[in-house]
Every structure is written in C-alpha cells, then in structure tokens.
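Have a look at the structure below before the remarks.
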Amino acid sequence: MSTPGSSAAGPLTPAARDRGVALARAARAGDTLALHDLLDHLTPYIARICHPIALADGPDAAQETLLAVFRSLRTLRDPETLYGWVRSVAVREAVRTARRASRDRPAELADVPARDDPQLAADIEDVLARLSPAHRAVLWLRDVEGLDEESAAALLGVPPGTAKSRLHRARTSFRKAWSA
C-alpha cells in the first residue's frame, strides 16, 4: 500500500514528502478529503516505522499512531515538520504497544535458534522479538534509520546518555542471542 513517489520499504521521496506537507496544510484548514488522503498517504510510512519496533503488534501500533495523528494534527504548528512529528508519534506508539504486548508474552534469549538453523531468515526477527521494545526502537533508529544519538534520544524522549546505554545493551543482547 504505497503512494505514488513513495515506497513502504524505501526512503521517502521529495515528491511524496511535498505531497504529504500539502495534504497536511489542507487538512489543518478543514479539508476533510485532504485529511483522509493524508492518513492514506502516511499509512505506509507509519507502518515502516512501527513494524520493526512492535513486530507482530506493528499493525496495532500503526493504527494507534494514525489515531494520534488524526486527533492532534491541528496542534502541528508547521506542516513542514510533518514527517518528524509523525515519526516521533509512531516510535512512541510502537514502543508503548510493544511494551503492553510483551507483558503478555515473555520470551527468553536462550530460545534463539542456532546460526545453522534452516530458518535463518526468520531468526533476525526472532532475535529482535526477544529484545525489549525500547531496545528495538533505539536499534532501529540508530542502525536502520541512521539517526545520531541526540536525534534518537529526542525521539525516544530520553537523555542522550540513556539512548547510548540502551543502544549498547541492545547490541550486546542482539549479539549474544545471535551467536547462541
């Protein structure tokens, strides 16, 4: 479900970004059709953020993010900041959703399959699933999105030192689980 000029798996193109900003301006001015188009436009972007953090609960996190965007769009002061604001909301909702879900499904790092396991392709997701939502979020923001420590910390709402220590623990846990 991608929009023209964007991809659910790839980076946001300048044309897709401009379209989102224009839709946000129109939606904030009361254009209901633009609001619907904006939510459709943002759905792949939000899903791309929520899935690696909330894993199986990614669709729930994406839905919560869309609701938060719908409710709070009028509080967005500058539509040019739409994607940063949406990314911040999506990360927060993905971590919250994953934390809530992890309380119901505890996992042990010792259950990770060995490296020569025939289902190696699924192993990465399995290892990630065993990390806490906060660790998945910081790994994703730093190692996939390429954000610096301060930007990742700001998105997570924690001091940079906390983001740095979380990243260290997340990488250590991932390596330990991966090599087990």
Side-chain angles (χ1 to χ4, degrees), residues 1-3 6-12 16-17 20-21 23-25 27-28 35-36 38-107 124-125 127-171 173-174:
M1 177 191 316
S2 63
T3 58
S6 72
S7 167
L12 191 64
R17 184 192 175 288
V21 170
L23 288 170
R25 285 185 205 286
R28 290 183 67 235
L35 178 61
H36 288 278
L38 177 63
L39 294 177
D40 287 344
H41 175 78
L42 290 173
T43 298
Y45 177 74
I46 291 169
R48 187 172 66 87
I49 295 167
C50 291
H51 177 73
I53 298 170
L55 301 176
D57 298 303
D60 291 341
Q63 185 68 27
E64 292 297 324
T65 301
L66 286 168
L67 286 171
V69 167
F70 176 77
R71 288 185 194 124
S72 303
L73 185 61
R74 288 188 185 267
T75 66
L76 179 65
R77 282 186 245 150
D78 181 4
E80 292 289 330
T81 63
L82 173 71
Y83 290 97
W85 176 67
V86 169
R87 181 170 52 190
S88 176
V89 173
V91 168
R92 188 175 47 246
E93 290 298 331
V95 169
R96 189 180 61 75
T97 299
R99 279 186 180 147
R100 187 179 57 225
S102 69
R103 280 181 249 157
D104 300 334
R105 294 182 304 239
I124 292 173
E125 190 164 328
V127 172
L128 287 173
R130 286 163 174 78
L131 300 179
S132 72
H135 286 172
R136 283 195 303 268
V138 74
L139 262 179
W140 183 79
L141 291 172
R142 293 278 288 132
D143 294 345
V144 177
E145 288 290 311
L147 297 181
D148 61 35
E149 281 176 13
E150 297 221 358
S151 298
L155 276 173
L156 295 170
V158 298
T162 301
K164 185 175 182 176
S165 65
R166 277 186 190 173
L167 180 62
H168 175 73
R169 283 187 299 241
R171 286 177 174 162
S173 295
F174 188 92

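Computed from a predicted structure; not experimentally measured.
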With a 4.0 Å cut-off, would you call Asp60 and Arg100 a salt bridge?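 Looking at Arg100 together with Asp60, the answer is no, because their closest N to O distance does not fall below 4.0 Å.
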
[X] versus [Y]: any side-chain heavy-atom pair under 4.5 Å?
X: His168; Y: Ser165; value: no
X: Glu150; Y: Lys164; value: no
X: Trp140; Y: Ile49; value: yes
X: Glu80; Y: Arg17; value: yes
X: Leu42; Y: Leu23; value: no
X: Arg48; Y: Glu145; value: yes
X: Val158; Y: Val138; value: no

Any donor-acceptor pair under 3.5 Å from Ser88 side chain to Gly84 backbone: no

Does His51 reach the main-chain N or O of Ala62 with its side chain, forming a donor-acceptor pair under 3.5 Å?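 Answer holds: no.
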
Closest approach of Ala24 and Leu73, non-hydrogen atoms and distance? O-CD2, 4.4 Å

Restricting to non-hydrogen atoms, name the atom on Ala27 and the atom on Leu38 that form the minimum distance, rounded to 0.1 Å.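 Scanning both residues completely, I find the closest heavy atoms to be CB-CD2, 4.5 Å.
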
Hey, could you give me the CZ/CZ distance between Phe174 and Arg136, rounded to the nearest 0.5 Å?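 Spacing of CZ (Phe174) from CZ (Arg136) equals 12.0 Å.
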
Go through Val89 and Arg92 one step at a time and tell me if the side chain to side chain contact (heavy atoms under 4.5 Å, CB included) criterion holds. CA-CA 5 Å; Val89 173; Arg92 188 175 47 246; 3.5 Å; yes

